[in-house]
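Each remark here refers to the structure printed beneath this line.
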Amino acid sequence: MHKIVEQIVSPVADEMMIFKEKFKENFLSQEALLKEVTAYLSKCEGKQPRPLLVLLSAKMHGEVCKSSYVAAVAIEMIHTATLIHDDVVDKAEERRGQKTVHTSWGPQIAVLTGDYLLSKALHLTTINSEFELLKLVTRAVQEMSEGELIQLAKAETLDTTEEEYSRIIYKKTASFIAACTSTGARSVGMDDTHVELMREVGKNIGMAFP
């Protein structure tokens, strides 16, 4: 499995190292409490497949550039924000073997930290004038929120159809993976046709991911 992961990462291994530095620069806050929480979160990072997909998609269509890194950093920030919020909703005590933010600091700080990271990600795209990327990312955020609400509404029932289940998976997971691959293509100047094709690729990956 490790060799397979290495093969997947290898085309953008150098770019992923650059991404990690840029992510850390933008992720860590200088405000005392947020600095403490974001520093804690930075020690609990996973394999970061979402920014990897952004960079792979970008490199498939051109050279990874500033826009690609903006997209990758924003995507990972949003993902981290959603995990924090999900843990509050699910009352999860651990993630990746570490205490969750709401377990360590309480639900109020967890929710506000998630809000902070979400707003910072969106701000990152606007200050860099990446408005096309912003459209793709905010569409995914909207769909993820809808997916969570649909799932909560169905949680107490046993009548979920296969179609409804697929809709939840698309909105909760596949829509965001689609945003990763489509923003990667857009970041290197691909037209709507190519962006939509890569969105479909990401969607299919996301539907298989759960």
Side-chain angles (χ1 to χ4, degrees), residues 19-54 69-128 130-131 133-155 168-180 182-183 202 206 209-210:
F19 154 75
K20 289 177 183 291
E21 289 301 315
K22 290 183 179 294
F23 180 72
K24 187 179 294 185
E25 289 171 8
N26 286 277
F27 186 74
L28 297 176
S29 173
Q30 296 306 307
E31 296 297 328
L33 181 55
L34 279 170
K35 184 177 182 179
E36 183 181 354
V37 178
T38 53
Y40 176 78
L41 287 168
S42 68
K43 297 175 182 177
C44 308
E45 65 180 33
K47 294 182 175 63
Q48 300 178 320
R50 290 158 187 81
L52 173 62
L53 284 171
V54 174
Y69 290 119
V70 169
V73 169
I75 286 284
E76 187 65 5
M77 277 191 183
I78 292 169
H79 175 60
T80 304
T82 61
L83 292 183
I84 294 170
H85 285 161
D86 286 352
D87 287 341
V88 174
V89 173
D90 298 338
K91 298 179 181 178
E93 295 185 357
E94 288 190 356
R95 180 175 289 276
R96 298 169 186 154
Q98 303 290 330
K99 287 185 178 180
T100 56
V101 174
H102 84 86
T103 300
S104 297
W105 285 275
Q108 296 93 337
I109 290 174
V111 170
L112 291 172
T113 300
D115 291 347
Y116 164 77
L117 292 175
L118 178 59
S119 62
K120 191 167 186 179
L122 300 180
H123 181 61
L124 182 65
T125 63
T126 57
I127 61 173
N128 285 283
E130 298 290 355
F131 301 113
L133 299 181
L134 181 63
K135 289 179 185 178
L136 295 169
V137 168
T138 52
R139 174 183 175 181
V141 172
Q142 176 185 325
E143 290 180 320
M144 283 193 295
S145 300
E146 290 171 350
E148 286 289 347
L149 289 168
I150 294 169
Q151 179 172 275
L152 285 172
K154 286 289 181 180
I168 291 170
I169 295 302
Y170 166 71
K171 285 184 174 287
K172 279 194 62 181
T173 302
S175 63
F176 198 51
I177 301 298
C180 297
S182 58
T183 54
F209 188 72

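With sequence neighbours left out, F19 forms a ring pair (Phe, Tyr, Trp, His ring centres under 6.0 Å) with F23. E130 meets the salt bridge (charged side-chain N to carboxylate O under 4.0 Å, His left out) test with no other residue; sequence neighbours excluded. Residues passing the side-chain contact (heavy atoms from CB on, under 4.5 Å) test with S29, sequence neighbours excluded: E31, L34, T38, Y116. Remark: K135 pairs with E132 by the side chain to side chain donor-acceptor pair (under 3.5 Å) rule, at least two apart or across chains. A search for side chain to side chain donor-acceptor pair (under 3.5 Å) contacts involving T103 returns T100, not counting sequence neighbours. Not counting sequence neighbours, K35 has no partner by the salt bridge (charged side-chain N to carboxylate O under 4.0 Å, His left out) test. For K22, there are no side chain to side chain donor-acceptor pair (under 3.5 Å) partners two or more places apart in sequence or in a different chain. Shown here are the side chain to side chain donor-acceptor pair (under 3.5 Å) partners of N128, two or more places apart in sequence or in another chain: K66. The salt bridge (charged side-chain N to carboxylate O under 4.0 Å, His left out) check on E146 picks up K171, with sequence neighbours excluded. Shown here are the ring pair (Phe, Tyr, Trp, His ring centres under 6.0 Å) partners of Y170, two or more places apart in sequence or in another chain: there are none.
Contact annotation: the side chain of I78 never approaches that of R50 to less than 4.5 Å [non-hydrogen atoms, C-beta and beyond]. Side chains of L53 and I75 form no contact here, defined as non-hydrogen atoms less than 4.5 Å apart. Between V73 and E25, the closest side-chain pair of non-hydrogen atoms is not below 4.5 Å. Using a 4.5 Å heavy-atom threshold, the side chains of E148 and H85 count as separate. Annotation: side chain of L118 is not in contact with side chain of M77 (no heavy-atom distance under 4.5 Å).
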Could you check T82 against F176 for side chain to side chain contact (heavy atoms under 4.5 Å, CB included), going step by step and ending with a plain yes or no? CA-CA 11 Å; T82 61; F176 198 51; 5.8 Å; no
Give the intermediate values and the outcome of side chain to side chain contact (heavy atoms under 4.5 Å, CB included) for residues T125 and T138. CA-CA 11 Å; T125 63; T138 52; over 6 Å; no
Going through the distances and angles, do L52 and K47 end up as a side chain to side chain contact (heavy atoms under 4.5 Å, CB included)? CA-CA 9 Å; L52 173 62; K47 294 182 175 63; over 6 Å; no
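Listed by first and then second residue, the salt bridge (charged side-chain N to carboxylate O under 4.0 Å, His left out) pairs involving residues 95-122 are D87-R95 (not counting sequence neighbours). Pairs passing the ring-ring contact (aromatic ring centres under 6.0 Å, His included) check and including a residue from residues 91-112, sequence neighbours excluded, read Y40-W105.
Of all non-hydrogen atoms in I168 and G147, the two that sit nearest each other are CG2-O, 4.2 Å.
One side chain, Q48 or K20, offers a donor N or O that lies under 3.5 Å from an acceptor on the other.
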